[in-house]
Amino acid sequence: MGTWTQWLRQPQRVWLRRASFQIHLWVGLIIGLYVVVLSLTGSALVYRNELDRYLATPHATFDEKARAMNADELRAAAQRVYPDWQVTDVTEGRTVRRPARGGAGGPGGQGGQQGRAGGRGRGNRLPDPTATITVEREGKKKERLFNPYNGQDLGDNTTDGQYFLLWTVRLHDELLMDRPDGPWWNGFLSLIFTILCVTGLVVWWPGVSRWKRSLGIKWSSGWRRFNWDLHSSLGFWLFLFMLMWGISGWYLGMPEPLTNLAERWSDPNGVYGERPADIALMWLSRLHFGRWRDPAWGPWLKALWAVIGVVPAIMFVTGVIMWWNRKIRHRVARNAPETAEAA
């Protein structure tokens, strides 16, 4: 029986499959904690902007008719709230609406009116009148937000929740290391994760007579078979997602190899950013984060990315359970009578 025929019918006997299994097993066990951390944090950070807005201190609402305090009045208001502190800085908010970016009609014509009514420029956003005031005492500093209309202390400029979100971002992007070491190690481990995905695909192939069984989950089976089916089916159907995250994570942490490859195969006289390789790298980064902005499909795609983002962590957990059932559990069961006899 030739190697190709054996691969199709009995892949377990092919040396490539056996070698891939050992690589897949031990690499998965070694970088498992990294996979779980990056999987869970990445899934949460799909909603990074929404989380930041939710955790932030509520700002003052713009009121075009109300009079806003000037810097001296804000300083006096902060001094009343913090009498034992020294006000060292006052940054006023924006209390005047900017002109909208109009069309051909100009600011005073129909184009300007259309821009104010329904355009998409920044001029349509209401100004943020919230003032930022810094107070200090005995080497301790606070940055507080104040309502410029009534002098109310609104809260911290950056909340504890926002600091935790930034910590999560740093954990996901830099593994809590300093640059450039953190991103480099993140990219290197993402490359190892890519190898884990490729070897997993090789190991997945069960042969022509059983491949359909590995596509789904047999719900009526025992929990061990369910765990195996879950690992196998998720690995097959979501292989491209996990491979994309591995390659894009490698690119974001260690951009030089793929950037140099793109430069090598691109037209040197082409417009940078519009060449096919440049567009491919841009999409690789966009697919990694999954922060889609389309008003119709964006929310659904973000939810899909957040859910699928947890799958690598599930793969690690199910893989460890399979390894435990196959190796450790049987070894413990064999050693139990000997231990009892010795006792």
Side-chain angles (χ1 to χ4, degrees), residues 19-48 51 161 163-204 223-224 226-255 284-285 287-290 305-332:
S20 297
F21 176 80
Q22 293 298 322
I23 295 173
H24 188 76
L25 170 64
W26 294 109
V27 168
L29 292 174
I30 291 171
I31 69 168
L33 179 61
Y34 166 81
V35 171
V36 171
V37 170
L38 269 289
S39 172
L40 298 180
T41 56
S43 181
L45 290 176
V46 170
Y47 290 99
R48 176 182 177 180
L51 287 171
Y163 278 121
F164 178 75
L165 182 61
L166 292 173
W167 180 88
T168 305
V169 171
R170 188 163 174 258
L171 173 63
H172 185 85
D173 292 350
E174 305 170 6
L175 305 178
L176 302 181
M177 301 181 189
D178 295 328
R179 290 179 177 269
D181 295 338
W184 188 91
W185 278 107
N186 205 354
F188 175 75
L189 291 173
S190 293
L191 179 60
I192 301 301
F193 176 74
T194 303
I195 297 174
L196 184 69
C197 294
V198 174
T199 55
L201 184 64
V202 175
V203 173
W204 174 86
W223 70 270
R224 292 174 193 161
F226 172 82
N227 182 79
W228 190 92
D229 286 347
L230 182 63
H231 188 89
S232 178
S233 58
L234 286 179
F236 175 80
W237 291 111
L238 301 178
F239 167 76
L240 291 180
F241 275 93
M242 291 184 283
L243 183 67
M244 175 272 295
W245 277 316
I247 297 176
S248 58
W250 172 43
Y251 167 66
L252 293 171
M254 304 169 61
L284 190 62
S285 301
L287 288 170
H288 183 92
F289 294 106
W305 250 247
V307 172
I308 298 179
V310 184
V311 169
I314 298 175
M315 295 293 289
F316 170 71
V317 173
T318 54
V320 168
I321 294 175
M322 290 165 59
W323 171 70
W324 178 271
N325 288 330
R326 182 173 180 174
K327 296 292 185 181
I328 306 301
R329 182 172 172 271
H330 290 169
R331 187 176 302 171
V332 171

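This chain uses plain numbering: 1 for the first residue, then up along the sequence. Everything numeric in this text was worked out from a predicted model, so none of it was measured.
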What pair of heavy atoms forms the shortest contact from [X] to [Y], and how long is it?
X	Y	answer
Cys197	Phe239	O-CE1, 3.3 Å
Tyr47	Ala306	CE1-CB, 3.7 Å
Val307	Ser43	N-OG, 4.4 Å
Ala313	Val35	N-CG1, 4.4 Å
Pro183	Arg179	CG-NH1, 3.6 Å
Leu45	His172	CD1-CB, 3.7 Å

First locate atom [atom1] of [X], then atom [atom2] of [Y], and finally report the distance between them rounded to the nearest 0.5 Å.
X	Y	atom1	atom2	answer
Leu243	Leu201	CG	CG	9.0 Å
Ile30	Leu189	CD1	CG	11.0 Å
Leu196	Leu191	CG	CG	11.5 Å
Met322	Met315	CE	CE	8.5 Å
Phe316	Leu33	CZ	CG	7.5 Å
Leu171	Leu40	CG	CG	10.0 Å

**Which residues share a salt bridge (Lys or Arg N to Asp or Glu O under 4.0 Å) with Asp173, sequence neighbours left out** = none

State which residues pass side chain to side chain donor-acceptor pair (under 3.5 Å) with [X]; sequence neighbours excluded, sorted by chain then number.
X	answer
Thr199	His24
Trp228	none
Thr194	none
Tyr34	Asn186, Ser190

**Message:** Could you work out, with ring pair (Phe, Tyr, Trp, His ring centres under 6.0 Å) as the rule, every residue matching Phe289, not counting sequence neighbours?
**Reply:** none

Are [X] and [Y] packed together at the side-chain level, in the sense that at least one heavy-atom pair is separated by less than 4.5 angstrom?
X	Y	answer
Leu252	Ser285	yes
Thr41	Val169	no
Trp245	Ile308	yes
Leu234	Ile314	yes
Trp323	Leu29	yes
His288	Leu284	no

Are [X] and [Y], when compared by the centres of their aromatic rings, separated by less than 6.0 Å?
X	Y	result
Phe193	Trp250	no
Trp223	Phe226	no
Tyr163	Trp167	no

**Message:** Please verify the inter-ring angle class for Trp185 with Phe188; under 30° counts as parallel, over 60° as perpendicular, anything in between as tilted.
**Reply:** perpendicular

